[in-house]
Protein chains: 2
Amino acid sequence: MKEVTLKDIAQILGISVTTVSKALKGYKDVSPETRKSVMMLAENLNYKPNTVALNLKNRETRTIGLIIPAIVHNFFSSVMHGIIAEAEKNGYLVIILQSNESSELEKKQIELLIDKRVDGILMSIVDITAEHEHIKKIIDKEIPLVLFDQVIDEIECSKVTIDDQRAAYNAVSTLIKNGNKKIVHLRGPENSINAKWRCEGYEKALNDHGITADPSLIYVCDGYSIEDGKEFAEKALNDHPDADAIFCITDLVAVGAIAHLNERGIKIPEQISVMGFSNSPIASIISPSLSSVDQPATQMGKESASLLIEEIAKRKEKESISHYQVQLPTNIIERESTLTKVLN
Amino acid sequence: MKEVTLKDIAQILGISVTTVSKALKGYKDVSPETRKSVMMLAENLNYKPNTVALNLKNRETRTIGLIIPAIVHNFFSSVMHGIIAEAEKNGYLVIILQSNESSELEKKQIELLIDKRVDGILMSIVDITAEHEHIKKIIDKEIPLVLFDQVIDEIECSKVTIDDQRAAYNAVSTLIKNGNKKIVHLRGPENSINAKWRCEGYEKALNDHGITADPSLIYVCDGYSIEDGKEFAEKALNDHPDADAIFCITDLVAVGAIAHLNERGIKIPEQISVMGFSNSPIASIISPSLSSVDQPATQMGKESASLLIEEIAKRKEKESISHYQVQLPTNIIERESTLTKVLN
DNA sequence: TAGTGTAACGAAAACGTTTGCGGTTAATAT
DNA sequence: ATATTAACCGCAAACGTTTTCGTTACACTA
């Protein structure tokens, strides 16, 4: 059951390993007859070059590493999908690791990938406020790196994101356009750059439409969870019974908010409109269906992988490399939860 | 930026590579002083053994391959999660590939993993009616293989599944217990072994409760999708207006069925009960909330990975290997969609 | 006949490890 | 003084490739 090697072929044919290798790789200094017999034998024995040996020789593994905060998560699954597809198309395989919302774990996963000698690393940063020396280490080791979704300026590399601020701006503008004025924002935690940008977009939209932003309308959901949505929707409505819309950092939070409103018998969107973020599958399933910001997750994956692979290739050819900041377009998907109040 | 090697350390210290290696690996034939200086220098230079070289030497890659039908899918995400966690705990990394519902692609992915020389392969078979010579090839090459979720008898290897027949049996029994008699089954396609078992469980439950199974109550959903659920729920209700329950092959199909029932103004569960399968997150979000069969997906992943890694270890030690068929327990989660009709 | 050219092949080094074995030195035993 | 032993070290082969540089043998030219 041993795998057949060049040596096996050489021995059978009574020639040297060198010649066998050359014959297979199309070198010109091997006679047509030798070449033919080598080719045929290789075919018959189903010879496959040993990838590991090639990895050692070529100093590349044709493997890229991916670190994501959570695997069981629609957005990240979709990103993964894009990455794996793009990688495979270019002859790369993907090793996936989970940082699980922990900066410590993230550091460990980076070490694992470096030790594994992946050709490049793709990641979404788990906590932008934590130390990121471990990320700089990737750069220092000259391992190509592309950040997506959650990125930070301090790291010199290509980045793929959406324009969170503009997306939130558009979402809130839609709410305003539909007749809402007192808009609650259930935002994400401080250590998320997305949360920060989205909150700024929310404030900017209010200002641009002549509504003065009221900080007391902003609540911080640390967990992005349905429970958070329920809890803070309740709190918000107790504090501001006259609120007419809720803009949520993510669909799950919105689902929680909707659940709470339903429980309380508050009509959506007649009394309160709800806007989510990410356009995950639940958005169209829940009742009332949830308006949301569509995020091109799969494309984000593809784009990130493409950028990374390009950089790997350029480094190999010793070409000069430049970094890109790609921002993917988003779309507001309007559903029942934000139907205009004017019509009612 | 070159990685530091044993040779570097040897040169600096003026000793041989052999001695450096031995010092680091704790061989006894190296003097305490030499050992100490080697250790210190290795520490200072941050020496990390070259994994690729070790892979070549040891004929192992400490990598396992995973092939799943679809990445963006709650069940498979959860399985992945379990696999990755268990693998990492044992010093293995995971390469993930998608067979995308195509037996052809599945074959290609297997080739990729074999070429990559993974130490073992984990997969859920995409189509049990298709040729599976490509899967036998894994066995022939003596590469450890563990099948999960969708498995077939013809392949000699360890397998991890749930007891689909019993799970379906319990689900349908619950429906019957709650007062339902004319139960529609939206089943999966013929090429899915799960669908076959679940359908048999459905029939057995009916029989055991004195209800004669009516084949015209069974509909085949090829795509497991919401659309399928809508389409076949409609068809079923047109054919059998007096049906009082629907047992669905999967939660998504159930969601489609519920959507159709809601549209039609049919009350759930008063007029028709709905039972799903998998207990995905949407089950508790949708309204009415969906009763479903809870499948321990993460544990399935852990168990599969554990079995695979064990087999890898045994082969390495030339121990005799035996294969296991693990069946994980399931649970019926009763929610609003199947509240008992007797109480109404 | 000596010199030049060319076609075909192989030796060896390299990628970075590990490990069996042999060799050298010094210390101990007879 | 000689023999035995132990402690310490390094050579070389091995894992499977690729590629540079020789080497050989032969044919052709002057």
Side-chain angles (χ1 to χ4, degrees), chain A residues 1-39 41-42 45-63 91 114-119 141 315-316, chain B residues 1-39 41-42 45-63 91 114-119 141 315-316:
Chain A
M1 276 311 113
K2 211 177 123 289
E3 292 293 329
V4 18
T5 69
L6 290 183
K7 196 199 250 183
D8 298 329
I9 298 182
Q11 270 166 356
I12 294 176
L13 258 36
I15 58 180
S16 78
V17 171
T18 304
T19 305
V20 176
S21 173
K22 286 180 176 173
L24 290 174
K25 298 213 68 181
Y27 276 60
K28 50 272 151 268
D29 61 344
V30 35
S31 75
E33 309 88 59
T34 317
R35 154 160 303 124
K36 197 172 160 198
S37 52
V38 168
M39 298 278 246
L41 187 56
L45 298 181
N46 193 24
Y47 167 77
K48 292 276 180 58
N50 183 318
T51 321
V52 181
L54 288 179
N55 288 345
L56 179 58
K57 180 132 250 287
N58 299 335
R59 282 192 185 69
E60 61 167 12
T61 54
R62 290 249 133 205
T63 301
I114 293 180
D115 281 0
K116 191 73 179 181
R117 279 170 164 79
V118 294
D119 293 342
K141 292 220 160 217
R315 290 226 203 201
K316 202 176 169 189
Chain B
M1 279 310 110
K2 210 176 123 287
E3 292 293 328
V4 18
T5 69
L6 291 183
K7 197 200 251 181
D8 297 330
I9 298 182
Q11 270 167 357
I12 293 176
L13 257 36
I15 58 180
S16 78
V17 171
T18 304
T19 305
V20 176
S21 172
K22 286 181 176 171
L24 290 174
K25 298 213 67 180
Y27 275 62
K28 51 269 152 265
D29 60 345
V30 35
S31 75
E33 309 88 60
T34 319
R35 155 160 306 123
K36 196 173 162 198
S37 53
V38 168
M39 299 279 247
L41 187 55
L45 298 181
N46 193 23
Y47 166 77
K48 293 279 180 57
N50 183 319
T51 321
V52 181
L54 289 179
N55 288 344
L56 179 59
K57 179 129 249 283
N58 300 335
R59 283 192 185 69
E60 61 168 12
T61 54
R62 289 251 135 203
T63 301
I114 293 180
D115 281 0
K116 191 73 179 181
R117 276 167 166 82
V118 294
D119 294 342
K141 292 220 161 215
R315 291 225 201 200
K316 202 176 167 191

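Just so it is clear: chains get the letters A, B, ... in the order the sequence lines come, proteins before strands, and each one is counted from 1. Note that this is a predicted model, so its numbers are computed, not measured.
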Problem - Residues A:K316 and A:D119 bridged, charged N to O under 4.0 Å - result: no
Kindly compute the distance separating [atom1] ([X]) from [atom2] ([Y]), expressed to the nearest 0.5 Å.
X      : Y     : atom1 : atom2 : answer
B:N58  : B:T51 : CG    : OG1   : 11.0 Å
B:Q11  : B:D8  : CD    : CG    : 6.5 Å
A:K116 : A:T61 : NZ    : OG1   : 8.5 Å
A:N50  : B:L56 : CG    : CG    : 6.5 Å

Exercise for the section: Kindly point out which of D:dT17, D:dC9, D:dA14 is positioned nearest to the side chain of B:K57? Expected result: D:dA14
Handout entry: A:Y27 backbone acceptor or donor facing A:R35 side chain under 3.5 Å
Key = yes
Handout entry: Near-strand residues of residues 12-24 of chain B, defined as heavy-atom separation under 4.0 angstrom from DNA chain D
Key = B:I15, B:S16, B:T18, B:T19, B:K22
Handout entry: 5′-ward residue of the pair B:V30/B:R117 relative to DNA chain D
Key = B:V30
Is the shortest heavy-atom distance from the side chain of [X] to the side chain of [Y] under 4.5 Å?
X     : Y      : result
B:T34 : B:I15  : yes
A:Y47 : A:L6   : yes
A:E3  : B:K141 : yes
B:V38 : B:L24  : yes

Practice task
Could you tell me whether A:K48 atom NZ has more than 12 heavy atoms of other residues or ligands within 6.0 Å of it?
Solution key: yes
Practice task
Using five pairs at either end of the helix from C:dT1-D:dA30 to C:dT30-D:dA1, determine the angle between the two local helix axes and round it to 10 degrees.
Solution key: 80°
Problem - Positional range of nucleotides in DNA chain C within the contact set of chain B, heavy-atom, under 4.0 Å - result: C:dC15 to C:dC21
Measure the distance from [atom1] on [X] to [atom2] on [N] and round it to the nearest whole Å.
X     : N      : atom1 : atom2 : value
B:K7  : D:dG10 : NZ    : P     : 16 Å
A:E60 : D:dT17 : CD    : C1'   : 13 Å
B:R59 : D:dA14 : CZ    : C1'   : 9 Å

Practice task
Mind checking B:N50 for me? I need base, sugar-phosphate or nothing, with any heavy atom below 4.0 Å counting as a touch.
Solution key: sugar-phosphate
Exercise for the section: Identify, between B:L56 and A:E33, the residue whose nearest nucleotide on DNA chain C lies closer to the 5' end. Expected result: A:E33
